[in-house]
Amino acid sequence: MNLTLKIWRQKDAKSQGKFEEYKVQNISPDSSFLEMLDILNNDLIMSGKEPIAFDHDCREGICGMCSLHINGHAHGPDSEITTCQLHMRKFKDGDTITIEPWRSAAFPVIKDLVVDRSAYDKILQAGGFISVNTGGVPDANAIPIPKADADESMDAAACIGCGACAATCKNGSAMLFVAARVSSLAKLPQGKVEGARRAKAMVAKMDELGFGNCTNTGACEAECPKAIPSRTSPASTASSSTLSSRTKSRTLTQTTEPRFLGSVVYIDN
Amino acid sequence: MSNIFTSSIGKKLIMSISGCFLVLFLAFHMCMNLALVFSPEAYNAICEFLGANWYALVGTAILAAGVLVHFVYAFILTIQNRKARGNIRYAVTAKEEGVSWASKNMLVLGIIVILGLLVHLKDFWAQMQLVEILGHHTNSYGLTPTDGAGATLEVFGNPIYCVVYIVWLAALWFHLTHGVWSMLHTMGFNSKLWMKRVKCIANIVATLVVAGFMLVVVVCCLRANGIIG
């Protein structure tokens, strides 16, 4: 495949950026989008030019590091995947692809396509955890949890914090992210205790960091690589939470991975 | 910590509650108007009942406050949200799957609704309740201020006004298709099952309210021009 790429180049956070056009040739339709960018960067380095900076890490859709607004869609034209899971077969030979960084006041561009997403970390630091004394790992079934609640919690915990929701939202709102993190904890007995305090603290931090106000457009849900539903309502976020299990089963295998345990500390009984 | 007037969730709740109040008012207003289709005398009886008595005046003041709150918060939200979006816009945008056009254009639709409301207040409120408040006995149509049926014939006798009202009501329909479910969603009707229901309810409410209003406009237009009795 031969493609024309229009890529946002920006030297650093303070510089003015602009689009630059690049041609890539002989790209395999089976290569991933990031591999295609690797090939382009290789060519740029070989010709003594500055390679394009973009975020990536696990390249299997679970770390939440990759971003990119590709042809008007966060994580590109395919649904329920991250940019690293996007393949070139989704494009046609001769296509022009526009690649932009996340655009949101709370996610300033650091360089080229890399944005500073530490605002999400700050929201988590404000309350996205459970405060308990640590100790020995309790028996897995010591606290009975209804299957439906566990499912809802797991679905919410599928959030990888990539920032696609705020980047897509016309209001620059991080509500889906906050709602998912609040719900994933509040749905479990260990997290329920601090539910209200946590929700209030996280919402206050979200507002303080300059994210916009949710108006229920649902664009976040449509572009979320984990298809977290926007009915993870912010209103109910403050009380308990109502994240129901998703209908799309494609990501279920990923959601059942105990990723969310990273933010849950076991209760010492 | 946050409070209801400043936090993002609080503002959302204020938009939701004020919106709910306005939808209930619209439903009431539409039912009242429908009387006109069946009996102009009955409609005038309602107009007389809801004239410039204290209950009606207090009701009007509360209603105006509701509109004002909804309107002011809409602007506050839009200004904050544009700021949150950052200075540089995306060069390429695409429609997200399942996202309604109305949901992304609520302010524009709301402004059309407000402009229509101003025309409507000029045509009716200023000729009816205001005339009574000022203690006059005839309005600029040369009718008594409680002759609502007569006023509708004056206004809707002009087809241009009918078109203006229909455009206004169409904007209201779009606004309600998002507004009603969004309001219920914000209030907590948002389980997997209820999400589908509230969207369906929103379409039904929007269609019933707007169709009711439009019917009255069309009937009045036909009556004023002598096409129907």
Side-chain angles (χ1 to χ4, degrees), chain A residues 6 8 17 19 69-74 77 79 98 100-101 103-109 166-175 199-201 203-204 206-208 210-223 229-239 242 244-247, chain B residues 1-4 6-17 73-74 76-107 178-179 181-196 198-199:
Chain A
K6 279 175 75 179
W8 184 261
F19 281 102
H69 207 255
I70 303 159
N71 281 352
H73 287 286
S79 65
T98 306
E100 301 173 72
R103 300 279 188 212
S104 180
F107 294 154
V109 173
T168 295
C169 176
K170 83 176 188 67
N171 306 320
S173 170
M175 201 67 95
K200 282 182 195 164
V203 168
M206 166 178 76
D207 293 348
E208 178 197 318
F211 287 104
N213 307 281
C214 171
T215 62
N216 294 340
T217 68
C220 50
E221 172 182 358
E223 296 292 314
S230 61
R231 65 174 175 276
T232 313
S233 166
S236 61
T237 300
S239 52
T242 49
S244 308
S245 37
R246 289 197 303 280
T247 44
Chain B
M1 282 288 181
S2 47
N3 76 48
I4 189 170
T6 54
S7 80
S8 51
I9 289 181
K11 281 177 282 194
K12 193 175 185 185
L13 201 61
I14 286 174
M15 284 306 274
S16 163
I17 293 168
Y73 270 88
I76 293 173
L77 285 168
T78 306
I79 291 165
Q80 288 182 343
N81 292 349
R82 282 190 72 84
K83 208 175 138 209
R85 206 70 204 78
N87 296 324
I88 305 172
R89 307 275 138 175
Y90 286 115
V92 179
T93 50
K95 192 188 172 299
E96 299 89 2
E97 199 187 325
V99 175
S100 75
W101 174 82
S103 73
K104 290 189 151 192
N105 294 282
M106 290 299 271
L107 185 80
H178 177 70
W181 83 254
S182 183
M183 159 196 107
L184 293 168
H185 174 65
T186 300
M187 288 179 179
F189 291 94
N190 57 0
S191 68
K192 194 175 166 187
L193 190 60
W194 272 96
M195 273 303 278
K196 286 178 195 153
V198 294
K199 287 196 176 183

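Order of the sequence lines fixes the chain letters, A, B, ..., with proteins taken first and strands second; residue numbering starts at 1 for each chain.
Neither the backbone nor the side chain of A:Ser173 comes within contact range of chain B; no heavy atom of the residue lies under 4.5 Å from a heavy atom of that chain. Contact annotation for B:Arg89: only backbone heavy atoms (N, CA, C, O) come within less than 4.5 Å of a heavy atom of chain A. The part of B:Thr93 that comes within reach of chain A is its backbone (N, CA, C, O), which places non-hydrogen atoms under 4.5 angstrom from that chain. Only the side chain of A:Thr98 comes within less than 4.5 Å of a heavy atom of chain B; its backbone N, CA, C and O stay farther away. Only the backbone of A:Ala166 comes within less than 4.5 Å of a heavy atom of chain B; no side-chain atom from C-beta onward does. The part of A:Phe19 that comes within reach of chain B is its side chain, from C-beta onward, which places non-hydrogen atoms under 4.5 angstrom from that chain. Contact of B:Trp181 with chain A is made through the side chain alone, with heavy-atom distances under 4.5 Å. With a 4.5 Å cut-off on non-hydrogen atoms, A:Pro101 touches chain B through its backbone but not through its side chain.
Side-chain N or O atoms of B:Lys11 include none that pairs as donor or acceptor with a backbone N or O of A:Asn213 at under 3.5 Å.
Between B:Ser8 and A:Met175 the shortest side-chain heavy-atom distance falls below 4.5 Å. By the 4.5 Å heavy-atom criterion applied to side chains, B:Lys104 and B:Val99 are counted as neighbours. Between A:Glu223 and A:His73, some side-chain heavy-atom pair lies under the 4.5 Å cut-off. Counting only heavy atoms from C-beta outward, the side chains of A:Lys170 and B:Asn81 never approach each other to under 4.5 Å. Inter-residue side-chain proximity for B:Trp194 and B:Leu184 is flagged as unmet; no heavy-atom pair is nearer than 4.5 Å.
Interface summary for chain A: among B:Gly10, B:Ala91, B:Gly86, the most heavy-atom pairs under 4.5 angstrom belong to B:Ala91. Here A:Ser104 is the residue among A:Gly172, A:Gly218, A:Ser104 with the most heavy-atom pairs under 4.5 Å with chain B.
Contacts of B:Tyr73 classified as ring-ring contact (aromatic ring centres under 6.0 Å, His included), with partners at least two apart in sequence or in another chain: none.
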